[in-house]
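Read through the structure below, which is laid out as structure tokens, and then see the notes.
Keep in mind the model is a prediction, meaning the values are calculated, not measured. We count residues from 1, following the sequence as given.
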Amino acid sequence: MPIDPFTIAVVALGFVAGGLTKGVFGLGLPLIGVPIMVAVIPFQTAIAIFAVPTFTSNLQQAIGGGRLLPNLRRFWPRSEEHTFELQSH
């Protein structure tokens with residue numbers, strides 16, 4: 001399936017708009033970029049295209065913030081905290 005220049009331009013616009021939003025506000029890369037891309041490519045493809053850049057930019061923010069390990073310890077789910085027992089009365 002050949003990809004025409006217009007499709008490439010719209011996908012690039014999705015990345016640029018999403019990247020600018022992420023840079024200014026710290027969030028919104030896929031929130032802004034995916035709807036733009038969906039105008040020319042299928043939704044599943046747009047989501048797949050954004051998977052790696054979203055993970056990479058979030059990891060970069062987490063490491064750059066300097067509190068990666070404390071936050072991982074704080075928010076990582078612990079099995080004993082997320083289980084419950086059914087008690088019979």
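Looking at residues two or more places apart in sequence or on another chain, you find no side-chain hydrogen bond (donor to acceptor under 3.5 Å, both in side chains) involving T56. Partners of L59 by side-chain contact (heavy atoms from CB on, under 4.5 Å), not counting sequence neighbours, listed by chain and number: F55, I63. The side-chain contact (heavy atoms from CB on, under 4.5 Å) test applied to F6 returns D4, V10, V40, not counting sequence neighbours. For P35, there are no side-chain contact (heavy atoms from CB on, under 4.5 Å) partners, not counting sequence neighbours.
Between the T7 side chain and the I3 main chain, no donor and acceptor come within less than 3.5 Å of each other.
Every pair tested for side chain to side chain donor-acceptor pair (under 3.5 Å) that includes a residue from residues 31-45 fails, sequence neighbours excluded, so the list is empty. Listed by first and then second residue, the ring pair (Phe, Tyr, Trp, His ring centres under 6.0 Å) pairs involving residues 27-48 amount to none (not counting sequence neighbours).
Looking at every heavy atom in both residues, P53 comes nearest to F15 through CG-CE2, 3.8 Å. The shortest non-hydrogen separation linking S57 to L29 is OG-CD2, 3.9 Å. Scanning all heavy atoms of the two residues, the minimum distance from V38 to A46 falls at CG2-CB, 4.2 Å.
Taking CD1 of I49 as the reference point, atom OG1 of T54 lies at 11.5 Å (rounded to 0.5 Å).
No single ILVMFWY cluster, assembled from side-chain heavy atoms under 4.5 Å apart, contains both V52 and I47.
Here L31 sits alone; no ILVMFWY side chain lies under 4.5 Å from its own, so it joins no hydrophobic cluster.
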For residues 19-28, please give each side-chain donor-acceptor pair under 3.5 Å, one per line with the distance, not counting sequence neighbours.
residue, atom, partner, partner atom, Å
T21, OG1, A17, O, 2.8
K22, NZ, N58, OD1, 2.5
K22, NZ, Q61, OE1, 2.9

